[in-house]
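Positions are given from 1, in the same order as the sequence printed here. Whatever order the structure lists them in is the order used to number ligands and atoms, beginning at 1.
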Amino acid sequence: MQCSWKSMVLLALASIAIQYTAIRTFSTKPLSLLCSVGLAPTSQAVNCSLKDLTRLGQETLEGSDRGCDEVLSHTPSPPSFSLPSYNANKRTHILILATTRSGSSFVGQLFNQHPEVFYLFEPLYHVQLALLPRLAQSRNLAERRVMLGAARDLLRSLYHCHLSSLESYIRPRPANHSTDKLFRRGASRSLCTPPVCETPLGREEQSLVLADEGECVRRCGPLNVSLAIDACRAKRHAAIKTVRIPQISDLRALIEDPRLNLKVIQLVRDPRGILASRIETFRDTYRLWRLWRATGRRPHNLDLGQINTVCEDFLRSVSTGLARPAWLRGRYMLLRYEDLARFPLQKARELYSFLGLVLDHSVEDWIINNTRGSSDLTSRQKFTTVRDSAANAENWRVKLSFDMVVYTQTACQPLLELLGYKTVFHPRELRNLSHSLVEDRTFLPFL
Ligand SMILES: *[C@@H]1O[C@H](CO)[C@@H](O)[C@H](O)[C@H]1NC(C)=O
Ligand SMILES: *[C@@H]1O[C@H](CO)[C@@H](O)[C@H](O)[C@H]1NC(C)=O
Ligand SMILES: *[C@@H]1O[C@H](CO)[C@@H](O)[C@H](O)[C@H]1NC(C)=O
Ligand SMILES: *[C@@H]1O[C@H](CO)[C@@H](O)[C@H](O)[C@H]1NC(C)=O
Ligand SMILES: *[C@@H]1O[C@H](CO)[C@@H](O)[C@H](O)[C@H]1NC(C)=O
């Protein structure tokens, strides 16, 4: 992309103006300007994210929704290691920085299941839909800036429980602070349990609602945003999962904000695993890759950009994180999905320890229930977190052709080395699952 400095300055100014207007005032003018780019809900980007994110089922928990008083009066015991400034009463804000098909739903559950955490699943979906409907993977700098500026402002508001900021992005615009259009509302326990979900539900019905996102939406009716705000305030901590922030440096302004106390968990996964999973999930976008797999010949118009973007964003973020800049001290932890899949309980403990939070038994129970392979998976549970996580992390090795693996690892070589993923040189090596492709590495947060 060629840009003269003049156009860059103009774009930067425009981006600042748009962010400002879009967020601070709810004037519809600049929004409608952007929205004229097309709000069609059938755009590929939307389809992509919907497919990716649909049908996250979750195993039921016994109704463990405790009253706010109980939650607030509960004093946690000290964590195994802590920051110098650790304060048990300080509200901690958690961001799971991920990309699609990297296991972020799974990591999200580690917080969603915690009774003291208010969890939101991908609220930035609405920002993208409102501002840049067709530009999910936009590599245009100016467009990315607009999106990111708005995303940062919204994240800050959401952590402070100003959920009404989200309303201005939801289409159709919620009336009377009530909406049935919140993306993946059912993925958030807090939004499916009392007091937000007011329908008088018995214990059994409550389990059903928590087991099935659709059930939550059907039974709980439109989301009352005012009640959601109350629920958010009643929880001690807040966690947000997103696949819509490309790099850790995009979050610097938030991380440096001392009032926010933001801690970022960057989730990474072997790009070969991400590719295999996306090919299964985003069937239209990754059509040519499927063609390659089926025919054994690489289509000449294959878009390598899709996987390159993942590797570039990971590489930049991880390099930044591992360089230990002062602004990330105590605020950044790198997590390989493969490690979580192999040692879920241990990794969950490390995560909570880094965050300075107490790992609740309900999280441990959820992990135990959801990481042992279950033989009676119904097809509806195919895309859920309920599966043998360890086997799942590795199954790209039988799903991609050797050529595709070589192609991908060539494109992503520096990243593979940095993260400790081994390159394969022979199909026999690829398919021999007793030969691990994940080097033992420890990525401890620096405190
Ligand atoms: C997804 O795309 C298909 C065509 O590719 C279209 O028929 C369908 O309505 C879209 N779904 C959504 C939710 O956008
Ligand atoms: C919003 O609330 C007002 C007053 O309670 C009511 O008159 C109006 O019909 C409501 N609007 C919608 C769209 O429900
Ligand atoms: C949302 O809940 C509040 C508090 O209970 C209530 O006053 C308000 O009427 C509710 N809004 C709607 C649209 O039901
Ligand atoms: C774990 O599974 C058992 C048996 O299916 C169930 O009773 C329990 O509620 C589950 N716990 C969690 C936290 O999912
Ligand atoms: C598979 O890998 C293991 C461990 O590296 C090795 O001992 C074994 O010989 C390999 N099997 C084959 C068939 O290559």
task: For the pair Lys241 and Glu122, find out whether any cationic side-chain nitrogen is under 4.0 Å from an anionic carboxylate oxygen.
output: yes
task: Could you tell me whether Arg428 and ligand 5 have an N or O pair separated by under 3.5 Å?
output: no
message: Can a donor-acceptor pair be found, under 3.5 Å and without considering hydrogens, that links the side chain of Arg290 to the backbone of Arg283?
response: yes
field: Top protein contact for atom 4 (C) of ligand 5, by heavy-atom distance
entry: Ser434 O, 3.9 Å
N/O donor-acceptor pair under 3.5 Å between Ser319 side chain and Leu315 backbone: yes
- request: Assert yes or no for the condition that the ring centre distance of His114 to Tyr352 is strictly below 6.0 Å.
  value: yes
query: Counting distance only, does the side-chain N/O of Asp403 pair as donor-acceptor with the main-chain N or O of Arg298 below 3.5 Å?
result: no
- prompt: By number and element, which atoms of ligand 5 are closer than 4.0 Å to a non-hydrogen atom of His435?
  reply: 2 (O), 5 (O)
message: Using a 4.0 Å cutoff against the non-hydrogen atoms of Asn176, which atoms of ligand 3 qualify?
response: 13 (C)
query: How close does the nearest protein non-hydrogen atom get to atom 5 (O) of ligand 3, and which residue and atom is it?
result: Leu227 CD2, 3.8 Å
message: Are Tyr169 and His126, when compared by the centres of their aromatic rings, separated by less than 6.0 Å?
response: no
- request: Specify whether the nearest protein heavy atom to atom 14 (O) of ligand 3 is under 4.0 angstrom away.
  value: yes
message: If you scan the protein for heavy atoms around atom 7 (O) of ligand 3, do you find one that is closer than 4.0 Å?
response: no
Glu167-Thr179 side chain donor-acceptor pair, cut-off 3.5 Å: no
message: I'd like to check which ligand 5 atoms, numbered from 1 as shown, lie under 4.0 Å from a non-hydrogen atom of Asn432.
response: 1 (C), 2 (O), 3 (C), 8 (C), 10 (C), 11 (N), 12 (C), 14 (O)
Closest protein heavy atom (residue, atom, distance) for atom 1 (C) of ligand 3: Asn224 ND2, 1.5 Å
